[in-house]
Visitor: 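Could you have a look at this structure, given as structure tokens, before my questions?
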Amino acid sequence: MKLFITCFGPAREITGQRQLELDVPGVTTAGALRSYLLNTWPDFRSLDVVRVAVNQAYAEDDLTINEGDELAIIPPVSGG
Amino acid sequence: MKLFITCFGPAREITGQRQLELDVPGVTTAGALRSYLLNTWPDFRSLDVVRVAVNQAYAEDDLTINEGDELAIIPPVSGG
Amino acid sequence: MMKAKDIQIKEIPLDPEWCRTFVSDVSCGGQVTFTGTVRNHTGDRKVERLEYEAYVPMAMKVLEQIIDRAGERYPIIRCAVHHRLGSLELGTSAVVVAVAAAHRKEAFEACMFIIDELKKDAPIWKKEISPQGDEWVSSRP
Amino acid sequence: MMKAKDIQIKEIPLDPEWCRTFVSDVSCGGQVTFTGTVRNHTGDRKVERLEYEAYVPMAMKVLEQIIDRAGERYPIIRCAVHHRLGSLELGTSAVVVAVAAAHRKEAFEACMFIIDELKKDAPIWKKEISPQGDEWVSSRP
């Protein structure tokens, strides 16, 4: 299953890319994606929190990811 | 001692005048003036509170009034 | 330490944006502005317009004291309080309180404090003009 | 019951007075407007400007949800939330939250609630450009 993941703010600087294209067996939930990111780019661990958004909404770790979902990495926000 | 007292808002309608001119022996403190007003125009008793201002500041009842002071009756305020 | 305050009581329309701009400051993270406008009702009473009057020189002093007390309680940097007098149609701005502080929580609290104190202490009166009869607002039993 | 809400995320300057006017309503006694501006410091750190970016479509949804939650908690009548993107000089408005309610206390509380939630949840990021080096704001340890 091919996943397209957009990286915002500090996440973009940590991965070095705005768009990630992943095809990793086992990454079928938001939580698994989060773990994959933290393991692949240990700098994510320096952030207070890393959330995953699925189809433009914050996802709980047990949410299943399907091919074609809109995925994003949401590092700590700082709007306002 | 001649006193000039300005009546604002509902106080003006109760006394029927914007400016009162009083010369009442015994009215030498803010409290005495307040009592005089409440006795002379009993409609003041329908208001929650009647304050007296001396020289543009709220006066405690024991404040002495002197000839030439700027006096005002302050019925319940409702600015804003 | 308060850098600037501006108090106006006037017969002409208020300008909330002027107040907001007056309190803007690069050392502040934000401004909070309260604008009080003439509402078409008070409880079940229909309101047609409001007539405001003030004991102007005393009101200027009382407002300045209120702002100074706000400045002792909250680290506000700049503040403007403008109050309108005369006959005001529905929707018209009657009062503007604008406050800037380094942090927003303090700006909100100072703005609330000032409008609360203004309503308690400033020698200003409004009469409601209503089909059910005219009435001085806070003299209602 | 909320009559109207307006959410904008944009690259051009914000207009706080437009927001205040948008939320004005004759059934309301007042509007509370918070304007967040670019401050020249964060603690001891000097700030030269801020660069904002957002996950725009999600941010629009999150802001709408925040306003709706505010409407469930407080009887607000009208609300506008505008957020700026791009490179902002000192003093520039980054966010405006305007709220109208029948009574001022509720308008203040709803406005505070919305800006607090926006800062917690809206997918928007700012980078501080500083002589001490550039930094994403909330990623600082």
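Here the structure is a predicted model, which means the values were calculated and not measured.
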Visitor: Could you walk me through whether D:Leu118 and D:Val95 satisfy the side chain to side chain contact (heavy atoms under 4.5 Å, CB included) test, starting with their C-alpha distance in whole Å, then the side-chain angles of each, then the deciding distance to 0.1 Å, before giving a yes or no?
Guide: CA-CA 10 Å; D:Leu118 179 155; D:Val95 62; 4.0 Å; yes
Visitor: Work out which heavy atom in C:Ile124 is nearest to a heavy atom in C:Ala54; give both atom names and the distance.
Guide: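 Closest approach of C:Ile124 to C:Ala54: CG1-CB, 3.8 Å.
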Visitor: Please tabulate the donor-acceptor pairs under 3.5 angstrom that span chain D and chain C, backbone and side chains included.
Guide:
{"residue": "D:Val26", "atom": "O", "partner": "C:Asn40", "partner atom": "N", "Å": "2.8"}
{"residue": "D:Cys28", "atom": "O", "partner": "C:Thr37", "partner atom": "OG1", "Å": "3.3"}
{"residue": "D:Gly29", "atom": "O", "partner": "C:Thr37", "partner atom": "N", "Å": "2.9"}
{"residue": "D:Gln31", "atom": "N", "partner": "C:Thr35", "partner atom": "O", "Å": "2.8"}
{"residue": "D:Gln31", "atom": "O", "partner": "C:Thr35", "partner atom": "N", "Å": "2.9"}
{"residue": "D:Thr33", "atom": "N", "partner": "C:Thr33", "partner atom": "O", "Å": "2.8"}
{"residue": "D:Thr33", "atom": "O", "partner": "C:Thr33", "partner atom": "N", "Å": "2.8"}
{"residue": "D:Thr35", "atom": "N", "partner": "C:Gln31", "partner atom": "O", "Å": "2.9"}
{"residue": "D:Thr35", "atom": "O", "partner": "C:Gln31", "partner atom": "N", "Å": "2.8"}
{"residue": "D:Thr37", "atom": "N", "partner": "C:Gly29", "partner atom": "O", "Å": "2.9"}
{"residue": "D:Thr37", "atom": "OG1", "partner": "C:Cys28", "partner atom": "O", "Å": "3.3"}
{"residue": "D:Arg39", "atom": "NH1", "partner": "C:Ala102", "partner atom": "O", "Å": "2.7"}
{"residue": "D:Arg39", "atom": "NH1", "partner": "C:His103", "partner atom": "ND1", "Å": "3.4"}
{"residue": "D:Asn40", "atom": "N", "partner": "C:Val26", "partner atom": "O", "Å": "2.8"}
{"residue": "D:Ala102", "atom": "O", "partner": "C:Arg39", "partner atom": "NH1", "Å": "2.7"}
{"residue": "D:His103", "atom": "ND1", "partner": "C:Arg39", "partner atom": "NH1", "Å": "3.4"}
{"residue": "D:Arg104", "atom": "NE", "partner": "C:Asp116", "partner atom": "OD1", "Å": "3.2"}
{"residue": "D:Arg104", "atom": "NH2", "partner": "C:Asp116", "partner atom": "OD1", "Å": "2.7"}
{"residue": "D:Asp116", "atom": "OD1", "partner": "C:Arg104", "partner atom": "NE", "Å": "3.2"}
{"residue": "D:Asp116", "atom": "OD1", "partner": "C:Arg104", "partner atom": "NH2", "Å": "2.7"}

Visitor: Passes side chain to side chain contact (heavy atoms under 4.5 Å, CB included), D:Phe34 versus D:Ile114? Steps please.
Guide: CA-CA 10 Å; D:Phe34 172 76; D:Ile114 291 168; over 6 Å; no
Visitor: Write down the atom of C:Phe22, the atom of C:Ala4, and the distance for their closest heavy-atom approach.
Guide: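 Smallest heavy-atom distance, with atoms named: CZ-CB, 3.9 Å.
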Visitor: If I take atom CG from residue D:Leu85 and atom CD1 from residue D:Ile9, how far apart are they, to the nearest 0.5 angstrom?
Guide: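 The distance works out to 6.5 Å.
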Visitor: Compare every heavy atom of D:Leu63 with every heavy atom of D:Ala122, then report the nearest pair and how far apart it is.
Guide: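 Reported closest heavy-atom pair: CB-CD2, 4.1 Å.
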Visitor: Relative to chain C, which segment of D:Val38 carries a heavy atom at a distance below 4.5 Å: side chain, backbone, both, or neither?
Guide: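 Backbone only.
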Visitor: Could you have a look at C:Ala102, C:Gly91, C:Ala100 and say which one has the most heavy-atom pairs with chain D under 4.5 angstrom?
Guide: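 That would be C:Ala102.
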Visitor: Look at D:Val47, D:Leu90, D:Val32 and state which one has the largest set of heavy-atom pairs under 4.5 Å with chain C.
Guide: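 Among the listed options, the one with the most contacts to chain C is D:Val32.
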Visitor: Side chains of D:Ile67 and D:Val81: does their closest heavy-atom pair fall under 4.5 Å?
Guide: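 Result yes, sub-4.5 Å side-chain heavy-atom pair found.
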Visitor: What residue in D:Pro16, D:Ala98, D:Ala107 has the most heavy-atom pairs under 4.5 Å with chain C?
Guide: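 Heavy-atom pair counts peak at D:Pro16.
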